[in-house]
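Right, one structure below, let's go through it.
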Amino acid sequence: MPELPEVESVRRQLAPLVEGRTVRAVARDPYPSRRLGDVARAVGGRIGPIVRRGKFLLAPLDGAPPHPSELVLHLGMTGILRVLPADDPSGRPGGPDPHVRVRLELDDGTALVLRDARRFGRVDVVAPGDRSGLPTLAALGPEPLEDAFDPEAFAAALARRGAPVKARLLDQRLVAGVGNIYADEALWRARIHPAARRVGRERALRLHAAVREVLAAAVAREGTTFRDYRLVNGASGRYLTELDAYGRAGLPCRRCGATLRGSTVAQRGTVHCPACQRA
DNA sequence: TTGCTTACCTGACGGC
DNA sequence: TGCCGTCAGGTAAGCA
């Protein structure tokens with residue numbers, strides 16, 4: 001499940017392969033999906049610097065009208081971006097790989113290909129800065145690994161009673177880029193119960209630090225591959241063995257030895273330690 | 001405005 | 001072996 005570390009790792013591999021290249025042709029899966037926008041508008045666009053916001057990848061497209069425009073990519077749950085030789089049939093919608101959704105053919109003989117088994121990924125070409133059809137991106141909170149992620153503002157938000165703290169981490173407005181895996185990991189590190197509806201200043205500051213630590217460590221290992229996620233070069237993320245909570249229900253807590261408990265919080269599978277993450 | 005639920009979507013897996 | 005039900009989860013929309 002691509003979250004901030006996975007998307008950032010993809011961005012780092014993707015950027016040198018496609019920045020400066022011009023889109024010569026576009027093909028897409030004919031399946032009617034509202035998650036695939038008017039991708040044909042990318043034709044003629046020269047891809048500028050790719051940036052990441054939360055779990056979104058954004059790249060300016062320069063050129064003659066309809067450009068300048070902006071390419072918006074979201075990997076959803078199972079999205080994988082690859083850069084393949086343009087004549088590789090496995091990178092064509094309708095080709096031997098039934099999960100290829102979008103293909104941008106570039107001017108250097110390669111193609112940027114989105115493969116997405118569950119169709120939760122998103123690709124669109126919008127006017128620069130236009131977020132009218134992208135409410136989550138429009139309301140995205142601060143980047144957790146940048147100074148804009150202010151610990152006091154974070155603590156003030158969590159001090160107000162509201163939805164379970166895990167739901168607020170997943171919401172993207174409080175902090176950008178956290179998904180189910182790293183929410184569980186950060187809460188475990190900060191010793192906070194995922195269903196807590198109010199978090200005091202001291203614990204909130206601990207959680208702020210934990211979010212940063214977990215995400216930075218996962219970025220350093222190029223993310224977590226549970227099943228689907230792959231880097232642009234096809235490699236797996238290496239953070240899986242570092243996980244302390246996610247996917248470890250029924251196993252002993254690495255901190256206190258108690259048995260980790262699985263539950264549902266915010267409609268998501270959740271793992272926490274009943275001994276050191278007390279309600 | 002906030003919180004919650006449901007829909008979307010399909011591969012993997014367990015049970016029969 | 002094949003069928004069926006369940007689970008996984010990020011985003012968006014709808015409702016209370």
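All values below come from the heavy atoms of this structure, side chains included, with hydrogens, waters and symmetry mates left out. Below, chain A is the first sequence line, B the second, and so on; all start at residue 1. Note that this is a predicted model, so its numbers are computed, not measured.
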- prompt: Does CG in A/Asn233 sit with more than 12 non-hydrogen atoms of other residues, nucleotides or ligands closer than 6.0 Å?
  reply: yes

Nucleotide C/dA13, atom C1' - distance to CG of A/Leu134 in whole Å: 15 Å

- prompt: Less than 4.0 Å between a side-chain N and a carboxylate O, is that true for A/Arg21 and A/Glu105?
  reply: no

- prompt: Is the NZ or CZ atom of A/Arg119 positioned over A/Tyr31's six-membered ring, under 6.0 angstrom from the centre and within 45° of the axis?
  reply: yes

- prompt: Which whole-number value in Å describes the distance from A/Leu170 CG to B/dC4 P?
  reply: 12 Å

task: Verify the neighbour count for atom CZ of A/Arg238: are there more than 12 heavy atoms of other residues, nucleotides or ligands below 6.0 Å?
output: yes

Sequence neighbours excluded - ring pair (Phe, Tyr, Trp, His ring centres under 6.0 Å) pairs with any residue from residues 252-279 of chain A: A/His193-A/His272

- prompt: Could A/Arg255 and A/Trp188 be counted as a cation-pi pair, given that NZ or CZ must be under 6.0 Å from the ring centre and within 45° of the axis?
  reply: yes

message: Does B/dC9 have its OP1 or OP2 closer than 4.0 Å to a side-chain nitrogen or oxygen of A/His99?
response: no

task: Report which part of the nucleic acid A/Gly162 touches: base, sugar-phosphate, or nothing (heavy-atom distance under 4.0 Å, all strands).
output: sugar-phosphate

query: How is A/Arg122 classified with respect to the nucleic acid when contacts are heavy atoms under 4.0 Å: base, sugar-phosphate, or nothing?
result: sugar-phosphate

- request: Find the distance A/Leu57:CG to C/dG10:C1' and express it as a whole number of Å.
  value: 15 Å

message: Any base atoms under 4.0 Å from A/Gln267, or only sugar-phosphate, or nothing? Heavy atoms, all strands.
response: base

field: Comparing A/Ala163 and A/Asp116 on DNA chain B - which has the more 5′ nearest nucleotide
entry: A/Ala163

message: I need the CG-P distance between A/Asp29 and B/dC8, as an integer number of Å.
response: 17 Å

Write out a two-atom table: protein N or O, nucleotide N or O from nucleotides 4-8 of chain C, distance below 3.5 Å.
from	atom 1	to	atom 2	distance (Å)
C/dA8	N3	A/Arg118	NH1	2.8

- request: Among the candidates B/dC9, C/dT11, C/dG10, find the nucleotide nearest to the side-chain atoms of A/Gln172.
  value: C/dT11

statement: Whole-Å distance, A/Arg119 CZ to B/dA7 C1', equals 16 Å

query: A/Ile80 has an atom CD1; how far is it from atom P of B/dT10, in whole Å?
result: 16 Å

query: Quick one: side chain to side chain donor-acceptor pair (under 3.5 Å) pairs with a partner in residues 43-63 of chain A, sequence neighbours left out?
result: A/Glu8-A/Arg52, A/Arg52-A/Glu143, A/Arg53-A/Glu143

query: With a 4.0 Å cut-off on heavy atoms, is A/Pro164 in touch with a base, just the backbone sugar-phosphate, or nothing at all?
result: sugar-phosphate

message: Measure CZ/A/Arg35 against P/C/dA13 and give the value in whole Å, please.
response: 10 Å

statement: A/Tyr229 OH to C/dG9 P, in whole Å, measures 17 Å

- request: Name the nucleic acid region contacted by A/Arg197, choosing base, sugar-phosphate or nothing; use a 4.0 angstrom heavy-atom cut-off, strictly under.
  value: sugar-phosphate

